[in-house]
Structure formats: C-alpha cells, structure tokens
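Written out below as structure tokens is the structure these notes cover.
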2 protein chains.
Amino acid sequence: MLKLTKKADYGLIALRHLASVPGATASTKDIADAYHLPVTLLAKVLQQLSRAGIVQSVSGTNGGYKLIRHPAAVSALEVVRAIDGPVILTHCFTEHGTCDQSDNCTVREPLRKVHEAILDVLNRFTISDLAESPVIRLTPLPVPVNPVASARTARPAVAAALTTPSGSGVRSGRALLLESDVHQEF
Amino acid sequence: MLKLTKKADYGLIALRHLASVPGATASTKDIADAYHLPVTLLAKVLQQLSRAGIVQSVSGTNGGYKLIRHPAAVSALEVVRAIDGPVILTHCFTEHGTCDQSDNCTVREPLRKVHEAILDVLNRFTISDLAESPVIRLTPLPVPVNPVASARTARPAVAAALTTPSGSGVRSGRALLLESDVHQEF
DNA sequence: TGAATCAGGACTGATTTGATCCTGTATTGA
DNA sequence: TCAATACAGGATCAAATCAGTCCTGATTCA
Ligand code: FES
Ligand code: FES
C-alpha cells in the first residue's frame with residue numbers, strides 16, 4: 001500500500017541517531033532504549049545495514065555500531081533497499097516471465113516513469129536531511145507562471161522536486177496543483 | 001515495502017482501458033478478459049472507483065462502466081486512494097496517540113517532505129499519461145551545471161520532476177546523481 | 001574467564017493482500 | 001413479463017508479508 005516497513009523506519013531512526021553523534025558508536029540496546037524500539041528487531045535491521053556497508057559493527061564490551069560514511073552520502077533509497085530489498089512499484093516489473101498479460105500490458109512502461117520518480121525522491125533524501133533541525137511547515141507555494149520561475153527559487157533538494165510545477169498541459173477539469181489537493185489526509 | 005497493490009494495478013489497467021475508448025462502456029468481464037485479471041476482484045476495484053466518482057456504472061444488459069471524467073483529470077494518487085485508502089509513508093503519520101516515542105521521534109517531520117514528494121509524483125501522473133503511446137527509453141541525462149539549466153529543457157511533468165538535479169550541496173562521497181545509480185535493479 | 005555485544009538462522013503470530021462466493025438489485029430486450 | 005445481463009456489497013478463505021522473538025555461536029574487552 002505504498003508505505004515503508006517498520007524495519008525501514010527503525011533503520012532510518014537508528015541512522016539518524018548515529019549521525020547525530022558523529023564518530024561515536026552506539027549499541028543496539030542504546031538505540032532501542034532511546035526510541036523504545038524492539039531490541040531484537042532493531043538488531044536485525046542494524047545487521048542488514050552493516051552488511052550493506054552503511055554502518056560498521058564493533059563487537060565486545062562497549063561495542064556497537066558506527067556510521068562509516070558521511071550522512072549526506074547515505075540515501076534513504078539505499079537504506080530501504082538494504083533493509084527491505086529492491087523497491088518495486090508494480091508487479092509488472094518483476095513477474096516478467098509468469099505474468100500472462102506481459103505482452104499486452106498497457107501500464108508497465110508508463111508506470112516506469114512514476115517508479116523512477118519515486119526512486120529519485122528517495123535517492124535524493126539522505127540521512128543528513130534526516131538529521132537536520134526540526135522541519136518548518138512548508139510555505140504555501142506561489143502559483144508559478146512557468147517551470148523555470150519556481151525552479152529558480154533556492155530550496156533543498158526534495159522540496160525542489162516537490163514543488164516543480166507540473167506544466168503538463170491538458171489537465172482539463174483540474175487547475176494547477178494545490179498543496180491542499182495533495183494531502184487531504186495522508 | 002513501498003509498492004502498489006495488485007488492486008491498484010488492476011484499477012489503473014482498467015482505467016487506461018476505459019480511457020482508450022472514450023465514452024464507451026465496458027463490463028467488468030470485458031476488461032478482465034482483455035487482461036486476464038480475476039473477474040471478481042476487478043469487480044471490487046471498479047466498485048470502489050465508482051464510489052469515488054471516477055467511473056460510472058450502468059446496470060443491465062450491455063451495461064458496464066464508463067469513465068466520467070477526462071483522463072487527464074484523474075490522477076494516479078486519486079485512484080490509489082480510492083482503492084487502497086490513504087497513502088501513508090511511515091507509521092509515524094498515523095499512530096500519533098499510541099506511538100510512545102511520538103514526542104522524541106526524530107524522523108517524522110523530515111520524512112514528511114519525502115511523503116509529500118511522493119504524493120506529488122502520483123498526483124501529477126494521470127490516466128492520460130497512462131494512455132499515451134509506448135514510452136521511449138529516457139535519454140541519459142546531461143550532467144547539469146545548475147538546477148535551472150536542466151529544468152529549462154522541455155519535458156513532460158513527471159519526467160521533469162524526475163530529472164531535476166539534486167544540487168543538495170554536500171553529498172560528499174557521492175557524485176552527482178546518475179541514472180544508473182537510481183535503478184540498479186528495482 | 002565472563003560480561004557485553006554482534007551474527008544470523010529458525011520460528012511464531014499478526015496483519016495485509018488476493019481471491020472467491022453468495023445474495024440482492026437494477027436494466028434491458030425478447 | 002421475465003429471463004438474461006450486469007452491478008453492489010457483505011462474508012469468507014487462503015496466501016503472502018511483516019513484526020517480533022528465541023536460540024546458538026562468535027568476538028572483544030576488562
Ligand atoms: S506486465 Fe503483467 S500486468 Fe503489467
Ligand atoms: S511518531 Fe512514532 S516513530 Fe515517529
């Protein structure tokens with residue numbers, strides 16, 4: 001249903017924690033206690049991050065995990081992939097052999113663009129974005145006249161992607177994209 | 001694990017089908033047969049799309065469903081919401097009361113940006129995008145010098161969002177975003 | 001040595017998803 | 001009129017995925 005797993009959540013929380021104390025190591029228990037996460041599950045997550053080369057483990061007393069890359073060099077995409085495996089938007093992308101309508105499937109290729117856009121969003125978002133100061137409510141978008149105008153406004157990466165105006169032409173019944181239109185609830 | 005459900009897939013396939021024969025009605029069975037989808041499940045999906053006011057049902061002999069809005073006025077986001085309910089990226093966004101680390105949760109607000117960016121991607125993508133001609137492989141991106149330069153290149157909505165360069169500053173170990181970097185596999 | 005900590009496989013229970021079935025209602029056309 | 005066609009929607013079942021636990025075995029350090 002297009003959501004991250006709890007494990008991925010936990011992984012991001014843990015990484016953000018590790019990023020907040022650069023260089024230091026924190027044990028699974030430390031982190032789990034700090035955020036009330038199930039210890040054993042978090043352990044699994046950290047193991048996966050370790051295998052993925054994002055954190056390094058230190059055994060023994062006073063051991064734990066430490067971030068071995070710059071927070072800005074670890075994307076959410078990488079984290080999610082390390083923990084949950086490949087991100088697939090639609091079944092079309094995997095079941096190539098088995099899917100019997102693969103030949104006349106009309107949505108696979110168009111959806112690929114959506115897929116790539118989502119991957120890109122995740123790829124741009126890094127642990128350092130996570131570690132930044134509490135987020136201020138996004139200011140309401142100025143209704144842009146043309147694509148370039150709004151792209152010019154300096155903004156952090158993801159926000160920029162978010163606000164790039166559609167300019168998609170047609171869109172008959174529907175006016176320009178309004179924020180309220182996007183997240184009525186979730 | 002960040003993927004669409006089959007029901008959402010089916011819904012998009014059905015809508016794309018309805019959009020391809022404007023004005024005409026197609027029965028559940030027609031559509032299910034055309035794409036080898038499970039009839040009863042597709043029926044459920046179409047019911048939900050009907051309740052959402054995206055298609056209209058016609059009972060009786062030669063009945064079926066018809067699209068009652070312009071394809072460009074039906075976003076993938078709306079379809080997904082109608083079928084799978086609200087899109088939630090992380091558990092933080094829902095379990096406000098119950099989650100005991102809600103107060104010191106460090107990832108909720110930052111992730112909201114990602115959430116909104118994904119909603120926006122889905123919101124921009126419409127049934128008419130689905131109905132378009134087979135997609136040509138995206139051309140490799142020119143490595144952009146500054147954000148504006150590439151945004152200037154005329155491109156369809158989603159693709160534009162996709163290729164807006166990061167320009168996120170830091171990103172130490174990692175060079176500019178490369179396509180191959182984003183979808184190594186899925 | 002022994003306490004602390006990671007590594008990782010096996011396993012269980014809960015939740016979600018996918019799919020089917022069944023009863024009922026509306027519409028059409030012979 | 002009435003039978004065939006098609007939608008509406010609740011109930012139910014099976015399969016898959018996810019969340020969480022447990023246990024056994026290394027590794028490190030004091
Ligand atoms: S390839 Fe199977 S549904 Fe698209
Ligand atoms: S609010 Fe509960 S984990 Fe973020």
Side-chain angles (χ1 to χ4, degrees), chain A residues 1-11 13-14 18 24-33 36-66 68 80 82-88 90-91 94-95 98-99, chain B residues 1-11 13-14 18 24-33 36-66 68 80 82-88 90-91 94-95 98-99:
Chain A
M1 195 233 271
L2 208 50
K3 85 177 144 193
L4 296 176
T5 61
K6 286 197 177 182
K7 290 205 292 184
D9 261 5
Y10 297 164
I13 292 175
L18 291 174
T25 88
S27 75
T28 306
K29 188 164 181 306
D30 289 344
I31 303 175
D33 286 352
H36 304 97
L37 310 178
V39 194
T40 49
L41 186 52
L42 180 62
K44 287 274 176 287
V45 170
L46 286 167
Q47 277 171 38
Q48 289 175 292
L49 293 177
S50 171
R51 262 176 270 163
I54 295 172
V55 300
Q56 193 170 45
S57 71
V58 182
S59 283
T61 311
N62 292 108
Y65 292 90
K66 64 182 157 190
I68 52 178
V80 171
I83 295 174
D84 288 333
V87 175
I88 48 184
T90 154
H91 303 266
T94 41
E95 313 175 351
T98 59
C99 176
Chain B
M1 194 236 269
L2 208 50
K3 86 177 143 194
L4 296 176
T5 62
K6 285 196 178 182
K7 289 206 291 185
D9 260 6
Y10 297 165
I13 292 175
L18 291 174
T25 88
S27 75
T28 305
K29 188 166 181 307
D30 290 344
I31 302 175
D33 285 353
H36 303 98
L37 310 178
V39 193
T40 50
L41 186 53
L42 180 62
K44 287 276 176 286
V45 170
L46 286 166
Q47 277 171 38
Q48 289 175 292
L49 292 178
S50 171
R51 262 176 268 162
I54 296 173
V55 301
Q56 193 169 46
S57 70
V58 182
S59 282
T61 311
N62 292 107
Y65 292 91
K66 65 181 156 192
I68 53 178
V80 171
I83 295 174
D84 287 334
V87 175
I88 47 184
T90 153
H91 302 267
T94 43
E95 313 174 353
T98 59
C99 177

Whole angstrom is fine here: how far is it from [atom1] in [X] over to [atom2] in [N]?
{"X": "B/D84", "N": "D/dT17", "atom1": "CG", "atom2": "C1'", "value": "15 Å"}
{"X": "A/K3", "N": "D/dT17", "atom1": "NZ", "atom2": "C1'", "value": "12 Å"}
{"X": "B/K6", "N": "D/dT17", "atom1": "NZ", "atom2": "P", "value": "9 Å"}
{"X": "B/N62", "N": "D/dA4", "atom1": "CG", "atom2": "P", "value": "16 Å"}
{"X": "B/L41", "N": "C/dT20", "atom1": "CG", "atom2": "C1'", "value": "9 Å"}
{"X": "B/L46", "N": "D/dG9", "atom1": "CG", "atom2": "C1'", "value": "14 Å"}
{"X": "A/Q56", "N": "D/dT27", "atom1": "CD", "atom2": "P", "value": "16 Å"}
{"X": "A/Y65", "N": "D/dT27", "atom1": "OH", "atom2": "P", "value": "15 Å"}

Considering only heavy side-chain atoms of B/P38, the closest of D/dA19, D/dA6, C/dA19 is C/dA19
Quick note, B/T5 side chain, CB onward, closest among D/dC7, C/dG18, C/dA7 is C/dG18
**OP:** Take atom CG of A/N62 as the centre, draw a 6.0 Å sphere, and report whether it contains more than 12 heavy atoms from other residues, nucleotides or ligands.
**Re:** no
Could you tell me whether the phosphate oxygens of [N], OP1 or OP2, come under 4.0 Å of any side-chain nitrogen or oxygen in [X]?
{"X": "A/S59", "N": "D/dC29", "result": "no"}
{"X": "A/S57", "N": "C/dA7", "result": "yes"}
{"X": "A/S50", "N": "C/dA7", "result": "yes"}
{"X": "A/Y10", "N": "D/dC18", "result": "no"}

Contact class for A/T40 vs. all strands (heavy atom < 4.0 Å): base, sugar-phosphate, or nothing? base
* For B/G63, answer base if it contacts any base atom (sugar-phosphate contacts may also be present), sugar-phosphate if it contacts only those atoms, and nothing otherwise; contact means non-hydrogen atoms under 4.0 Å. => sugar-phosphate
Result for 5'-nearest mapping on DNA chain D, choosing between A/V39 and B/R51, is B/R51
Can you say whether a donor on the side chain of B/K44 sits under 3.5 Å from an acceptor on the base of C/dG18, or the other way round?
no
From the list A/I83, A/L49, A/L46, A/I68, side-chain contact (heavy atoms from CB on, under 4.5 Å) with A/I54 holds only for A/L49
Which of A/T90, A/I88, A/L2 passes side-chain contact (heavy atoms from CB on, under 4.5 Å) with B/K3? It is A/I88
Closest non-hydrogen atoms of A/K7 and A/L41, given as atom of the first, atom of the second and distance, are CD-CD1, 3.8 Å
Subject >> Evaluation steps, side chain to side chain contact (heavy atoms under 4.5 Å, CB included), between A/L18 and A/I31 >> reply: CA-CA 9 Å; A/L18 291 174; A/I31 303 175; 4.2 Å; yes
